[in-house]
**Q** 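Would you mind keeping the following structure in view while I ask a few things?
Order of listing sets the numbers, starting from 1, for every ligand and every atom in it.
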Amino acid sequence: MRVLSGIQPTGRFHWGNYFGAIRQYIDLQDEEASLYFLANLHALTTIRDRDLLRELTLDAAIDLIALGLDPDRAVLFAQSDVPEVSELCWLLMTITPMGLLERCVSYKDKKDRGVSADTGLFTYPVLMSADIILYDSDIVPVGGDQVQHIEVCRDIAGKFNHLFGETFVLPKAKVLDDSAKVPGTDGEKMSKSYNNTIELFEPTKSMRKKIMRIQTDSRPMEEPKEPEGDHLYQLYYLFATPAEREEMAALYRRGGFGYGEVKKALADVADRFLEEPRAKREELAAHPKKISEILGDGAAQARSKAQEVLKRAQENCGIKGW
Ligand code: ADP
Ligand code: TRP
């Protein structure tokens, strides 16, 4: 089985990205042949600042490795380092019905949020389809918001196979468990768009400041409270050990404490969890050449598969092989 997923380098990773997606990608690297890439061609549909895009792409690579993605076990590369994907994207576009893309919710959402409706945004799912089938991927772990795009991918790949003969593997989505959406500092879902994030690699001082500013209700100290459904407890839960979770839950039920104490405990468990990744990140950031090497190796491995699949597609549709 081949697992593949991509993540857009459109901002620094926050707690929601880690617990909702990244952690689960990293867990999969031990199970199957896995490829992960930084979707910088997709990010170009929203970021038009050269230096920022470069920086975010490199930061994303460093963050992923610091968090445990192991380039010896998984292939990590930048999307733009595999030019075959753009060629395959064109082949797919020639058979993609407009209506299929017009139905995509994420296009409609972004347009409604004011992202300019360029053709790159509209054809985003076609490039995503090319990303996936270019490596004969079987399984694509994604958040629930991306499942529709995997369906689009299966439609397009299936149509190509139907028209030109068996060419592509049809992938399956593995929907990540984001049922427990990580709440942000205002209690709503943590998201870049809501300005309520805590970045994973924030320095401890600013992380603690944000934690102290997490909004809570104004319940009197002595009043007992159910921990479930309380967003401060939900955040604590992510970082705490099972014993610590139980202890904190008991404290909630007993009452007689202030939220300040919970916030302090949250900051402590978050700092504890981040100690190793922060050290690893610092070390990696001090050796940018190493990161270029890792991305270069990853791209070379990815390309060798990509070239094989692209050739198959080109031959089957009649643009190569005379
Ligand atoms: P944002 O909402 O901050 O723009 P993205 O849409 O870039 O985040 O999310 C990237 C990945 O992280 C997706 O797979 C998404 O499901 C996951 N994710 C983002 N925010 C959360 C959250 N608050 N809780 C759980 N998963 C999340
Ligand atoms: N669209 C995905 C997201 O925003 C990122 C992505 C691009 C992707 N290409 C992909 C994910 C291929 C899985 C497979 O989260």
Side-chain angles (χ1 to χ4, degrees), residues 2-26 28 34-47 56-57 60 63-64 67 75 77-80 82 85-86 88-89 92 101 104-107 109-110 113 115 120-121 123-154 156-157 169 171-200 231 234-235 237-238 302 306:
R2 299 169 66 84
V3 176
L4 168 127
S5 200
I7 189 152
Q8 287 197 68
T10 45
R12 293 303 299 278
F13 297 137
H14 54 69
W15 291 5
N17 299 142
Y18 178 71
F19 290 102
I22 296 168
R23 182 177 63 172
Q24 302 177 64
Y25 294 161
I26 293 176
L28 282 169
S34 42
L35 291 95
Y36 298 107
F37 67 92
L38 306 162
N40 56 351
L41 297 177
H42 280 111
L44 265 180
T45 60
T46 47
I47 301 187
L56 286 172
T57 307
D63 288 354
L64 290 173
L67 289 166
V75 179
F77 62 100
Q79 187 183 28
S80 58
V82 183
V85 78
S86 303
L88 180 58
C89 182
L92 300 183
L101 303 181
C104 285
V105 183
S106 100
Y107 166 71
D109 277 359
K110 285 187 191 158
R113 273 193 277 134
V115 180
L121 188 66
T123 53
Y124 180 116
V126 190
L127 179 60
M128 183 160 162
S129 303
D131 286 330
I132 297 170
I133 58 182
L134 187 57
Y135 306 100
D136 284 341
S137 313
D138 301 293
I139 298 187
V140 187
V142 282
D145 57 330
Q146 297 295 319
V147 173
Q148 190 184 30
H149 291 157
I150 311 297
E151 290 306 317
V152 167
C153 173
R154 290 174 59 90
I156 299 176
V169 173
K172 284 205 178 66
K174 177 180 167 76
V175 187
L176 299 176
D177 177 20
D178 58 2
S179 50
K181 289 260 156 70
V182 176
T185 50
D186 55 359
E188 298 302 318
K189 179 194 169 200
M190 186 178 286
S191 168
K192 283 192 287 289
S193 340
Y194 304 150
N195 227 338
N196 63 357
T197 60
I198 303 180
E199 287 172 11
L200 260 185
H231 58 272
Q234 284 166 10
L235 291 172
Y237 187 95
L238 297 171

**Q** Identify, with sequence neighbours excluded, every residue that meets side-chain contact (heavy atoms from CB on, under 4.5 Å) alongside Thr46.
**A**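 Applying side-chain contact (heavy atoms from CB on, under 4.5 Å) to Thr46 gives Thr10, Val115.
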**Q** Heavy atoms only: which of Ser191, Gly143, Pro9 lies closest to atom 2 (O) of ligand 1?
**A**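 Looking at heavy atoms only, Ser191 sits closest to atom 2 (O) of ligand 1.
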**Q** With a 3.5 Å distance limit and no angle check, can you tell me whether Thr45 reaches the backbone of Leu121 through a side-chain donor-acceptor pair?
**A**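 Between the backbone of Leu121 and the side chain of Thr45 there is no qualifying donor-acceptor contact (under 3.5 Å).
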**Q** Looking at Lys189, which atoms of ligand 1 are within less than 4.0 Å of one of its heavy atoms?
**A**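 Close to Lys189: 20 (N), 21 (C), 22 (C), 23 (N).
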**Q** Count the heavy atoms of every other residue, nucleotide or ligand shown that sit under 6.0 Å from OH of Tyr237, and state whether that count exceeds 12.
**A**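 No, because the 6.0 Å sphere around OH of Tyr237 holds 12 heavy atoms or fewer from other groups.
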**Q** Could Asp138 and Lys172 be called an ion pair, given the rule that one side-chain N must be under 4.0 Å from one carboxylate O?
**A**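 Salt bridge between Asp138 and Lys172, a charged N being under 4.0 Å from a carboxylate O: no.
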**Q** So is Gln146 touching ligand 1 or not, going by heavy atoms under 4.0 Å?
**A**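 In this structure, Gln146 fails to qualify as a contact of ligand 1 - no heavy atom is under 4.0 Å.
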**Q** Taking side-chain hydrogen bond (donor to acceptor under 3.5 Å, both in side chains) as the definition, give me every residue that meets it alongside Thr123, ordered by chain and number, with sequence neighbours left out.
**A**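 Residues passing side-chain hydrogen bond (donor to acceptor under 3.5 Å, both in side chains) with Thr123: none at all.
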**Q** Measure from the side-chain N and O atoms of Ser137 to the backbone N and O of Ile133, and report whether any donor-acceptor pair falls under 3.5 Å.
**A**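 Answer holds: no.
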**Q** Pick whichever of Val182, Asp145, Asn17 has a heavy atom sitting closest to atom 10 (C) of ligand 1.
**A**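 That would be Asn17.
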**Q** Write out each pair where an N or O from ligand 2 and one from the protein are under 3.5 Å apart, with the distance.
**A**
from: ligand 2; atom 1: 1 (N); to: Tyr124; atom 2: OH; distance (Å): 2.8
from: ligand 2; atom 1: 1 (N); to: Gln146; atom 2: OE1; distance (Å): 3.0
from: ligand 2; atom 1: 4 (O); to: Gln8; atom 2: NE2; distance (Å): 3.2
from: ligand 2; atom 1: 4 (O); to: Tyr124; atom 2: OH; distance (Å): 3.1
from: ligand 2; atom 1: 4 (O); to: Gln146; atom 2: NE2; distance (Å): 3.4
from: ligand 2; atom 1: 9 (N); to: Asp131; atom 2: OD2; distance (Å): 2.8

**Q** Is there a donor-acceptor pair closer than 3.5 Å between any side-chain N or O of Gln79 and the backbone N or O of Leu41?
**A**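 Answer holds: yes.
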**Q** Among residues at least two apart in sequence or on other chains, which ones pass side-chain contact (heavy atoms from CB on, under 4.5 Å) with Asn196?
**A**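 By the side-chain contact (heavy atoms from CB on, under 4.5 Å) rule, Asn196 matches Thr185, Asp186, Glu188, Met190, Tyr194.
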**Q** Going by the order shown, which atoms of ligand 1 are within less than 4.0 Å of some heavy atom of Lys192?
**A**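 It comes down to these atoms of ligand 1: 1 (P), 3 (O), 4 (O), 7 (O), 8 (O).
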**Q** Are the side chain of Ser191 and the backbone N or O of Ser193 linked by a donor-acceptor pair below 3.5 Å?
**A**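 Yes, the answer is positive, given that a donor and an acceptor are paired below the 3.5 Å cut-off.
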**Q** Pick whichever of Ser5, Ala21, Pro141 has a heavy atom sitting closest to atom 13 (C) of ligand 1.
**A**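 Checking each option, the heavy atom nearest atom 13 (C) of ligand 1 is found in Ala21.
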**Q** Could you tell me if any non-hydrogen atom of Gln8 lies under 4.0 Å from any atom of ligand 1?
**A**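 The answer is no, since Gln8 has no heavy atom less than 4.0 Å from ligand 1.
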